[in-house]
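Numbered from 1 within each chain, the chains take letters A, B, ... in sequence-line order.
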Amino acid sequence: MHDIRAIRDNPAAFDARLARRPAVAPISAEILAIDERRRARILAAETAQAAQNAASKEVGAARARGEEAEFERLRALVAEKKAEVARLTDEAAVEDGRLRDLLLSIPNLPLDEVPEGAGEEDNVELRRWGEPKAFGFRPVEHYEIAGVKPGMDFATAAKLSGARFVLLRGAVARIHRALAQFMLDLHVAEHGLTETWTPVLVKDEAMVGTNQLPKFAEDSYQTTNGWWLIPTSEVTLTNTVAGDILDEAALPIRMTAHTQCFRSEAGSAGKDTAGMLRQHQFEKVEMVSITTPETSLDEHARMTRCAEAVLERLGLPYRTIVLCTGDMGFGAQKTHDLEVWLPGQNRYREISSVSVCGDFQARRMNARYRPAGAARPEFVHTLNGSGLAVGRCLIAVLENGQTGDGGVVLPQALSPWLGGKGRLTPDGQLV
RNA sequence: GGAGAGGUGGCGGAGUGGUCGAUCGCGCCGGUCUCGAAAACCGGAGUGGGUGCAAGCCCACCGUGGGUUCGAAUCCCACCCUCUCCGCCA
């Protein structure tokens with residue numbers, strides 16, 4: 001959410017920065033018009049309230065002095081003011097709600113350094129790591145690998161749940177689990193993140209805090225009693241500090257969690273329907289940092305490195321790109337995407353997204369810290385990043401390790417979580 | 001799900017109709033004392049909003065939302081949350 005004072009101070013600058021996102025019209029004039037109405041109503045309501053309070057104080061005094069006529073006069077005055085206050089505060093609340101709704105629906109401002117662009121095609125590659133392997137055969141997609149087929153069962157999942165679900169079994173299920181454990185252990189032991197286990201059902205306000213609501217309700221699932229299934233543990237991890245005033249010494253807070261994630265994939269009909277690239281339910285190891293404003297950009301670089309480290313340990317070729325203004329998510333100031341090489345598709349595909357949100361989410365969830373020595377609390381900065389999407393990582397491991405005969409050589413780094421085993425045979429055995 | 005207890009400022013904990021934004025203790029900040037520190041003593045400090053060049057002034061906030069009353073932290077209603085016990089249960 002945006003700072004209304006900042007918009008008031010320099011509406012043109014706000015519009016200009018916002019305009020760097022495509023298809024966003026100038027909106028400061030509308031905001032300021034509502035804000036002016038709002039402030040006028042507040043002023044009127046508070047003036048009336050002050051008058052009521054003053055009269056109300058005199059009422060008691062008049063009665064104590066036994067001035068019956070004065071008592072009755074003041075009583076009537078209070079009653080009159082009271083009605084006025086009720087009407088004016090209602091009006092003020094309407095305008096206040098209108099302003100808040102509008103502010104909640106406006107995306108974050110891209111940092112100046114973010115490249116301008118309309119969409120995916122304008123993203124800028126920052127670096128590449130690893131060489132796509134030269135196979136002596138035509139590599140296939142993960143679900144086409146003979147050794148994978150027995151362990152990746154879309155038909156049974158469809159029987160249970162429908163399209164965009166998968167059931168993993170045997171060796172493939174174990175590799176999937178190993179990947180998640182490997183990621184968590186790496187982040188905890190070597191990157192210093194705090195392992196966290198969170199609910200996956202949350203209240204509205206948590207979803208508002210991390211900007212899934214109010215605008216993107218159709219992308220998530222809701223239970224009959226109103227809970228939302230988290231689309232990412234960014235929601236729970238980031239909202240751990242909602243409403244808090246933290247000591248500066250407590251920052252940065254670095255968390256990681258491995259959770260189920262649920263997405264309706266509304267609007268993605270026909271896209272990535274084969275295999276387990278895009279599912280309604282998937283696992284992700286997420287990273288979230290809470291920092292001071294001064295350190296959030298450094299933290300963004302650090303978090304990106306944490307995600308990259310996962311792919312490097314697994315020996316998976318990837319590239320790191322910075323998203324252009326047209327491809328960036330709603331809450332981000334700047335986003336790095338990691339794209340892993342998928343030989344079956346002969347292209348790089350997104351496997352991680354690392355974003356710095358500045359104080360955008362902190363304002364929504366009222367998360368602050370008290371700078372050392374200073375008097376007033378300030379909003380924290382929040383960051384989130386996948387480290388990594390487990391299902392997609394499984395795909396990458398399987399496709400990059402395929403040997404052409406239906407088998408797969410697995411990354412050495414996973415060995416401790418695979419009981420020392422390192423290969424998937426063409427008939428689906430882990431050996 | 002049932003019964004009971006409770007939700008007050010960074011923490012603990014008073015306060016059951018007005019003068020309470022709220023006693024007090026701890027912690028925090030500044031000062032006196034000290035070579036320095038501790039102790040002691042003195043002083044300061046909540047959050048948000050409105051208004052003003054500013055000093056300041058005004059409004060709101062005692063879990064949340066309603067209500068009663070001239071007036072609510074205090075009374076009433078609903079809801080949420082926490083704790084204890086019971087039930088059920090991975």
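Summarising the geometry, the separation between CG on Asp204(A) and P on C79(B) is reported as 19 Å, rounded to the nearest angstrom. A straight line from CD of Glu95(A) to P of G50(B) spans 14 Å, rounded to a whole angstrom. Residue Glu91(A) contributes atom CD, which lies 18 Å from atom P of G50(B) at whole-angstrom precision. If you measure from atom CZ of Arg363(A) to atom P of G48(B), you get 11 Å, rounded to the nearest angstrom. Regarding Gln49(A), its CD atom lies at a distance of 7 Å from the P atom of C59(B), rounded to whole Å. Here the C1' atom of nucleotide G65(B) and the CG atom of Asp90(A) are 14 Å apart, to the nearest Å.
OP1 or OP2 of U47(B) lies within a sub-4.0 Å distance of a side-chain N or O belonging to Arg370(A). Taking 4.0 angstrom as the limit, Lys82(A) places a side-chain polar atom (N or O) nearer than this to OP1 or OP2 of G71(B). Dashed line: the shortest gap from a side-chain N or O of Arg5(A) to OP1 or OP2 of G50(B) is under 4.0 Å. OP1 or OP2 of G48(B) has at least one side-chain nitrogen or oxygen of Arg368(A) nearer than 4.0 Å. For Arg39(A) and G49(B), the shortest distance from a side-chain N or O to OP1 or OP2 is not below 4.0 Å. Remark: Arg41(A) is not in phosphate contact with G50(B), judged by side-chain N or O atoms under 4.0 Å from OP1 or OP2. Taking only side-chain nitrogens and oxygens, Arg100(A) never comes nearer than 4.0 Å to OP1 or OP2 of G49(B).
Taking every side-chain heavy atom of Arg75(A) into account, C70(B) is the closest of U47(B), U51(B), C70(B). For Asn53(A), taking side-chain heavy atoms from C-beta onward, the closest of the listed nucleotides G71(B), U47(B), C59(B) is C59(B).
A donor-acceptor pair shorter than 3.5 Å cannot be found between the side chains of Ser220(A) and Gln222(A). Donor-acceptor pairing under 3.5 Å is recorded for the side chains of His336(A) and Thr304(A).
Spacing between C29(B) and U82(B) at atom C1', rounded to whole Å, works out to 33 Å. Here the separation of A73(B) from G17(B), taken at their P atoms, is 13 Å to the nearest Å. The gap from the P atom of A3(B) to that of U51(B) amounts to 49 Å, rounded to the nearest Å. Of the C1' atoms belonging to G15(B) and C20(B), the separation is 9 Å, rounded to the nearest Å. A90(B) and C83(B) have their C1' atoms separated by 23 Å, given to the nearest Å. Rounded to whole Å, the P atom of U34(B) lies 40 Å from the corresponding atom of G48(B). Going from the P atom of C77(B) to that of A5(B) covers 14 Å, rounded to whole Å.
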Intermediate values then yes/no, side chain to side chain contact (heavy atoms under 4.5 Å, CB included), His176(A) and Val172(A): CA-CA 6 Å; His176(A) 185 252; Val172(A) 176; 5.5 Å; no

Decide yes or no on side chain to side chain contact (heavy atoms under 4.5 Å, CB included) for Glu378(A) and Arg368(A), but give the supporting numbers first. CA-CA 5 Å; Glu378(A) 283 183 40; Arg368(A) 293 170 295 171; over 6 Å; no

Represent RNA chain B in dot-bracket notation, 5' to 3'. Only Watson-Crick or G-U wobble pairs with both distances under 3.5 Å count; pseudoknot-style crossings use [ ] and interstrand partners use |. ((((((((.[[[..)..(.....]]].(((((.......))))).((((((....)))))).[[[[[..)....]]]]])))))))....

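Ionic pairing of Glu339(A) and Arg349(A) is not present here: no N-O contact between side-chain nitrogen and carboxylate oxygen is shorter than 4.0 angstrom. One finds no salt bridge joining Glu36(A) and Arg39(A) here, because no Lys/Arg side-chain nitrogen approaches an Asp/Glu carboxylate oxygen to under 4.0 Å. At a threshold of 4.0 Å, the pair Glu265(A)-Arg263(A) does not count as salt-bridged, since none of the basic side-chain nitrogens sits closer than that to a carboxylate oxygen.
Heavy-atom distances to RNA chain B give each of Asn366(A) and Val78(A) a nearest nucleotide, and the one nearer the 5′ end belongs to Asn366(A).
For Glu234(A), there are no salt bridge (Lys or Arg N to Asp or Glu O under 4.0 Å) partners two or more places apart in sequence or in a different chain.
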